Amino acid sequence: MAVINVAGFGVQNAMGRSSFSAPLIVHAHALVFFGWVAIYVAQNVLASTGSLALHRKLGWIAAGWMSTMVVLGTIVTVRMVRAGHAPFFFQPAYFLIMNPVGVLTFAGLSTWAIVLRRQTDWHKRLHLCGMAMIMGPALGRLLPAPLLIPYTGLSIFAAMLVFPFAGVLVDWRRDQTIHRAWLSGIAVMAAAQLLIEVSSRTSIGNALYAAVVSGSPGSAVPPRAYPPFPAG
């Protein structure tokens with residue numbers, strides 16, 4: 001997961017599709033989200049090597065870190081939509097709903113994992129499902145997103161499911177059973193995706209979009225029309 005995150009954003013930078021000239025809020029967003037990737041890797045290393053005391057201490061830092069991720073993830077999404085800069089392979093209303101729902105679902109699954117921290121079988125599986133929920137931006141930069149229109153969001157979600165399903169496969173091969181934590185985590189992920197798909201295509205999505213973009217350049221962008229492809 002960490003390698004995919006680095007590859008997804010690194011490839012775009014190497015190809016000149018992104019740069020370090022972004023506004024400060026975008027840099028803060030990147031720092032916080034990549035910080036979580038580092039925390040997640042560190043927590044797995046600490047747990048697997050038996051450094052449980054440090055694992056627990058870092059866990060409380062991680063719990064607070066999630067709140068910052070929810071706030072910054074939502075702010076950056078709203079900022080992009082208000083500026084009329086939603087990615088051209090997403091409908092603006094879809095993008096507006098997709099990112100906040102995704103990061104909130106991540107926070108919900110991760111909080112559930114923390115609550116069940118003494119049940120380590122549930123703890124680690126729910127955390128992986130939570131991490132999978134924020135893999136969308138990295139996967140979207142590696143998949144041929146423009147070629148997947150109008151199923152870009154669903155295609156990225158299918159790629160996100162590869163991670164928990166890999167865990168299901170490992171459990172099945174070892175124990176010939178599927179742990180209920182996988183079923184619960186995948187169900188929550190699927191419910192979140194269903195909410196995104198349905199709400200972005202209803203009057204609720206239109207009303208939310210109108211309220212968010214009111215008085216901004218984004219108000220001139222239709223909520224359910226794909227933005228034009230960039231030149232070249």
Side-chain angles (χ1 to χ4, degrees), residues 4-30 32-34 69-70 72-106 132-162 189 192-232:
I4 289 173
N5 271 286
V6 172
F9 289 91
V11 165
Q12 294 298 315
N13 185 262
M15 296 180 70
R17 293 175 178 169
S18 61
S19 72
F20 289 98
S21 61
L24 184 61
I25 187 71
V26 177
H27 287 293
H29 168 272
V32 168
F33 274 76
F34 264 99
M69 293 171 69
V70 171
L72 285 176
T74 303
I75 288 175
V76 169
T77 300
V78 168
R79 187 179 182 279
M80 289 178 66
V81 172
R82 283 183 57 82
H85 293 159
F88 64 92
F89 38 82
F90 287 123
Q91 295 172 336
Y94 187 98
F95 181 73
L96 174 64
I97 294 172
M98 175 185 69
N99 277 4
V101 169
V103 75
L104 282 168
T105 305
F106 147 77
M133 277 303 301
I134 54 171
M135 291 295 294
L139 291 166
R141 284 165 169 80
L142 292 173
L143 294 171
L147 302 180
L148 299 173
I149 296 171
Y151 305 111
T152 305
L154 286 171
S155 299
I156 292 173
F157 179 67
M160 289 159 57
L161 286 176
V162 167
M189 294 174 68
Q193 186 64 29
L194 181 62
L195 174 63
I196 294 167
E197 298 293 331
V198 172
S199 62
S200 64
R201 291 170 169 79
T202 64
S203 57
I204 296 174
N206 289 343
L208 177 63
Y209 181 81
V212 168
V213 301
S214 178
S216 73
S219 61
V221 179
R224 287 193 278 174
Y226 287 96
F229 276 47

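Quick caveat, the model's predicted, so the values are computed rather than measured.
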Would you say CD1 of Ile204 has more than 12 non-hydrogen atoms from neighbouring residues, nucleotides or ligands within 6.0 angstrom?
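No, the 6.0 Å shell around CD1 holds no more than 12 heavy atoms from other groups.
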
Got a sec: does the OH of Tyr151 have more than 12 other heavy atoms crowding it under 6.0 Å?
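No, because the 6.0 Å sphere around OH of Tyr151 holds 12 heavy atoms or fewer from other groups.
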
Taking all atoms of both residues into account, what is the closest heavy-atom pair of [X] and [Y], and its distance?
X      : Y      : result
Ser155 : Leu148 : CB-CD1, 3.6 Å
Ile4   : Met135 : CG2-CE, 3.7 Å
Ala145 : Gly140 : CB-O, 3.9 Å
Gly136 : Ile156 : CA-CG2, 3.6 Å
Thr74  : Val70  : OG1-O, 2.8 Å
Thr105 : Ala192 : OG1-CB, 3.3 Å

Rounded to the nearest 0.5 Å, what separates atom [atom1] in [X] from atom [atom2] in [Y]?
X      : Y      : atom1 : atom2 : answer
His29  : Leu24  : NE2   : CG    : 13.5 Å
Ser200 : Asn206 : OG    : CG    : 9.5 Å
Thr152 : Leu143 : OG1   : CG    : 9.5 Å
Leu161 : Met133 : CG    : CE    : 9.0 Å
Ile25  : His27  : CD1   : NE2   : 11.0 Å

So do [Y] and [X] actually touch side chain to side chain, heavy atoms under 4.5 Å?
X      : Y      : answer
Met160 : Phe157 : yes
Arg224 : Tyr94  : no
Tyr209 : Ile97  : no
Asn5   : Phe33  : no

Which side-chain N or O atoms in residues 77-90 pair as donor and acceptor under 3.5 Å with protein atoms at least two apart or in another chain?
unit_1 : atom_1 : unit_2 : atom_2 : d
Thr77  : OG1    : Gly73  : O      : 2.9
Thr77  : OG1    : Asn99  : ND2    : 3.1
Arg82  : NH1    : Val212 : O      : 2.7
Arg82  : NH1    : Ser214 : O      : 3.1

For the pair Glu197 and Leu154, evaluate side-chain contact (heavy atoms from CB on, under 4.5 Å) and give the outcome as yes or no after the intermediate values.
CA-CA 9 Å; Glu197 298 293 331; Leu154 286 171; 3.4 Å; yes

